[in-house]
Amino acid sequence: MSEIVQISDLHKSFGDLNVLKGIDLTVQSGETVVLLGSSGSGKSTLLRCVNFMEEPTQGSVSLHGELIGTEAGGKMQYRESELCALRTRIGMVFQHFNLFPHMTVEQNVMEGQVTVLKRSKSEAQSKAMTQLERVGLADKASEYPARLSGGQKQRVAIARALAMDPDVMLFDEVTSALDPELVGEVLKTMRQLADEGMTMLVVTHELGFAYHVANRVLFLHDGKILEEGKPQQVLKNPQTQRMREFLDGHSLFKLPD
Amino acid sequence: MVEWNFLAVFSDFDLLMIGLSNTLKVTALALLFGVPLGLVFAVMRLSTTRPLSMAAAFIIEFFRTTPPLVQLFWFFFALPILIDVRMTPFIAAIVTFSIQSSAFFAEIFRGGIQSIDKGQWEGAKAIGMNYRQSLQRVILPQAVKRMIPAFMERSIELLKTTTLVSTVAYADLMFQANDLAQKTFRPLEVYTVVAVMYFLLIFVFSQLSIAVERRLAQSGESTVR
Ligand SMILES: Nc1ncnc2c1ncn2[C@@H]1O[C@H](COP(=O)(O)OP(=O)(O)OP(=O)(O)O)[C@@H](O)[C@H]1O
Ligand SMILES: [Mg+2]
């Protein structure tokens, strides 16, 4: 196994608000890591620091052992071109899909390949179809996003990210905006990706997914990782009071015995 | 009883046609330069680099608040004193109305760009797009659609404002009308015909814009998310 993402001593603050207070996290190739934590605990912030949608205030992120940014005068400096290139290697899927409404499903999946990776139209198109088949939406290729259900939109968003051939995928509460009956199809797609060996860092409130799919579960609290371990261990035998309270709040979740 | 006699007007109608074509020329060129310049000012104003956004804000507000006639006279009479340029009425007109309308277009662009959901920037960024690519491929195509009504309205406004160029002796429709009215002693007929010409021009244009708006409303795929 090789290390895909390595985060060390990561801090992030917004003005006076210290959201992340020293995060160390390594994600191995092919691993699915689920990040839990109550609302406002900084899960999104941590995810967004991995692909530099937010710039960390302190600490470092490496991808495949390569340090992102250059150190100058004790502070990390990041160039836009470097970060753009980095983001092509890190896929991200959002709660609200963020599909491009003026493009068809196929164009959505081709866009990054053509505009950013400079692939030819025909290559991008065939890759787009491959990824759309992977998420089970090849027949929707020429539809506009507005005509899709929430679950379908989210699977298109996953295909759009996959089409860039990323080394790792970030998922930020991708089922939270969906009607309950549509959550399953998206989780199924994610599980399939995990089974295929995709490296994934997932923020979710779906504890069932964490239990059955994650190789490792982290619990974020007060800007730090409070608990970490195998899902069976963390979800069934939480070591801290905080984690127990968090799990009690998810009463809908029944662990299989 | 007032006696209407259009004969004199219509026998010299080609004078008015020259004026009309010059009016359209000034309007079209002002749009040609004003729209891209407006986009540049809008992007500058939205920039997080303070000096850049402040400079843009100043230019935009200055040209939106000062009377267009003052701007025209300044470029025509004052600028040549300041720097060594040979100013013709035509150049002064193009410069004035390009910059003046760019200030208004900048605000239309800014409104359009800001009306697009932040998630669209994020979606674009997440697949590795830089600022320019995001703007060009994702944000503007959606924003421009929403801007069209305001854009059309502003273009009509511009067409009307170009009548001011007659004051620096540029042979637009208004200037030709003045000329003809003095020549024929028929101001009643001349200005009536000219009013009708402006009306028809703008009426056709606004009907066109209504048709465009309708079509956009029909094809209206939801622009959020
Ligand atoms: N751009 C920002 N500017 C200022 N404060 C921010 C910003 N982004 C996040 N925050 C703050 O940082 C804290 C953590 O936010 P974050 O979105 O990471 O939490 P979260 O764990 O993802 O919560 P949720 O489960 O509600 O999505 C919150 O208090 C939030 O208000
Ligand atoms: Mg969040």
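Order of the sequence lines sets the chain letters (A, B, ...), proteins ahead of strands, with each chain counted from 1. Excluded from the calculations below are hydrogen atoms, water molecules and symmetry mates; all remaining heavy atoms, backbone and side chain alike, are included.
Nearest heavy atoms, Met92(A) versus Ala126(B): CB-CB, 4.1 Å. Residue Gly128(B) comes nearest to Cys84(A) through the heavy atom pair O-CB, 3.3 Å, listed as atom of the first residue, atom of the second, then distance. Residues Val138(B) and His102(A) share a closest heavy-atom pair of O-CE1, 3.5 Å.
Using a 4.5 Å cut-off between heavy atoms, Arg48(A) contacts chain B through its side chain alone, with no backbone atom that close. Looking at Met53(A), the atoms closer than 4.5 Å to chain B (heavy atoms on both sides) sit in the backbone and in the side chain alike. At a 4.5 Å heavy-atom cutoff, Leu83(A) makes no contact with chain B through either its backbone or its side chain.
For the ring-ring contact (aromatic ring centres under 6.0 Å, His included) condition, the pairs that include at least one residue of residues 122-147 of chain B, sequence neighbours left out, are Trp121(B)-Tyr131(B).
Your options are Arg137(B), Lys118(B), Gln133(B), and the one with the most heavy-atom pairs under 4.5 Å with chain A is Arg137(B).
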Review item, side-chain donor-acceptor pairs of residues 38-47 of chain B, under 3.5 Å, at least two apart:
unit_1: Arg45(B); atom_1: NH1; unit_2: Glu61(B); atom_2: OE2; d: 3.2
unit_1: Arg45(B); atom_1: NH1; unit_2: Glu107(B); atom_2: OE2; d: 3.1
unit_1: Ser47(B); atom_1: OG; unit_2: Thr49(B); atom_2: N; d: 2.8
unit_1: Ser47(B); atom_1: OG; unit_2: Thr49(B); atom_2: OG1; d: 3.3

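Within a 6.0 Å sphere centred on CZ of Phe77(B), heavy atoms belonging to other residues, nucleotides or ligands number more than 12. When the shell of 6.0 Å around OH of Tyr78(A) is examined, it contains more than 12 heavy atoms from other residues, nucleotides or ligands. Under a cut-off of 6.0 angstrom, the local environment of CZ in Arg147(A) is sparse, with at most 12 non-hydrogen atoms contributed by other residues, nucleotides or ligands.
Using a 4.5 Å cut-off on side-chain heavy atoms (C-beta onward), Pro141(B) and Met103(A) make no contact.
Partners of Phe14(A) by ring pair (Phe, Tyr, Trp, His ring centres under 6.0 Å), not counting sequence neighbours: none found.
The line from NZ of Lys125(B) to CD of Glu80(A) is 8.0 Å long, rounded to the nearest 0.5 Å. How far CG of Leu99(A) is from CD of Gln120(B): 8.0 Å, rounded to the nearest 0.5 Å.
Scanning residues 109-123 of chain A against chain B with a 4.5 Å heavy-atom cutoff picks out Glu111(A), Gly112(A), Thr115(A), Val116(A), Lys118(A), ordered by number.
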